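Just the heavy atoms: all of them, side chains too, but no hydrogens, waters or symmetry mates, feed the values below. Treat the numbers as computed from the prediction; the structure is a model and nothing was measured.
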Amino acid sequence: MIAFGDGYNDFEMFAEACVSYAVNNAFEEVKVSASQVALRNDEDGVLVKIEELIES
């Protein structure tokens with residue numbers, strides 16, 4: 001499972017996921033807890049990352 005998040009409610013989801021992405025405008029603690037950081041929400045960070053993963 002791959003998880004995407006930006007808020008404090010996403011910590012448990014990140015812990016269960018094999019790979020987790022926080023968007024770049026997430027709270028700093030959320031970004032630290034994620035495996036990686038994607039672009040900001042207003043830059044379509046989740047969509048861009050999903051497209052990259054599908055293409056690879």
Side-chain angles (χ1 to χ4, degrees):
M1 176 175 78
I2 299 173
F4 292 89
D6 65 352
Y8 297 120
N9 62 316
D10 296 318
F11 289 130
E12 290 180 9
M13 178 176 61
F14 285 176
E16 295 296 322
C18 295
V19 178
S20 57
Y21 292 91
V23 290
N24 201 27
N25 57 302
F27 297 108
E28 193 61 37
E29 300 91 339
V30 176
K31 291 192 288 187
V32 169
S33 71
S35 303
Q36 300 182 41
V37 177
L39 296 173
R40 299 173 51 88
N41 283 340
D42 57 2
E43 297 173 320
D44 296 324
V46 174
L47 177 61
V48 169
K49 184 50 67 179
I50 290 172
E51 288 174 341
E52 288 175 1
L53 292 168
I54 289 171
E55 290 174 3
S56 64

Beyond-backbone contact of V46 with V23, side-chain heavy atoms, under 4.5 angstrom | yes
Could you tell me which non-hydrogen atom of G7 sits nearest to which non-hydrogen atom of F27, and how far apart they are?
-> CA-CD1, 4.1 Å
Are the side chains of N25 and D42 in touch, meaning some heavy atoms are under 4.5 Å apart?
-> no
Can you list the residues that meet the ring-ring contact (aromatic ring centres under 6.0 Å, His included) rule with F4, with sequence neighbours excluded?
-> Y21
Where do A34 and A22 come nearest, in terms of heavy atoms and distance?
-> CB-N, 3.6 Å
Is M13 reachable from I2 through a run of I, L, V, M, F, W or Y residues, each pair having side-chain heavy atoms under 4.5 Å apart?
-> no
Check the surroundings of atom CD in E29: do more than 12 heavy atoms from other residues, nucleotides or ligands lie under 6.0 Å from it?
-> yes
Please name the pair of heavy atoms, one in G45 and one in A38, separated by the smallest distance, quoted to 0.1 Å.
-> O-CB, 3.9 Å
All pairs passing side-chain hydrogen bond (donor to acceptor under 3.5 Å, both in side chains) where residues 44-55 contributes a residue, at least two apart = K49-E52
For S20 and S33, work out which heavy atoms get closest and say how close.
-> OG-O, 4.2 Å
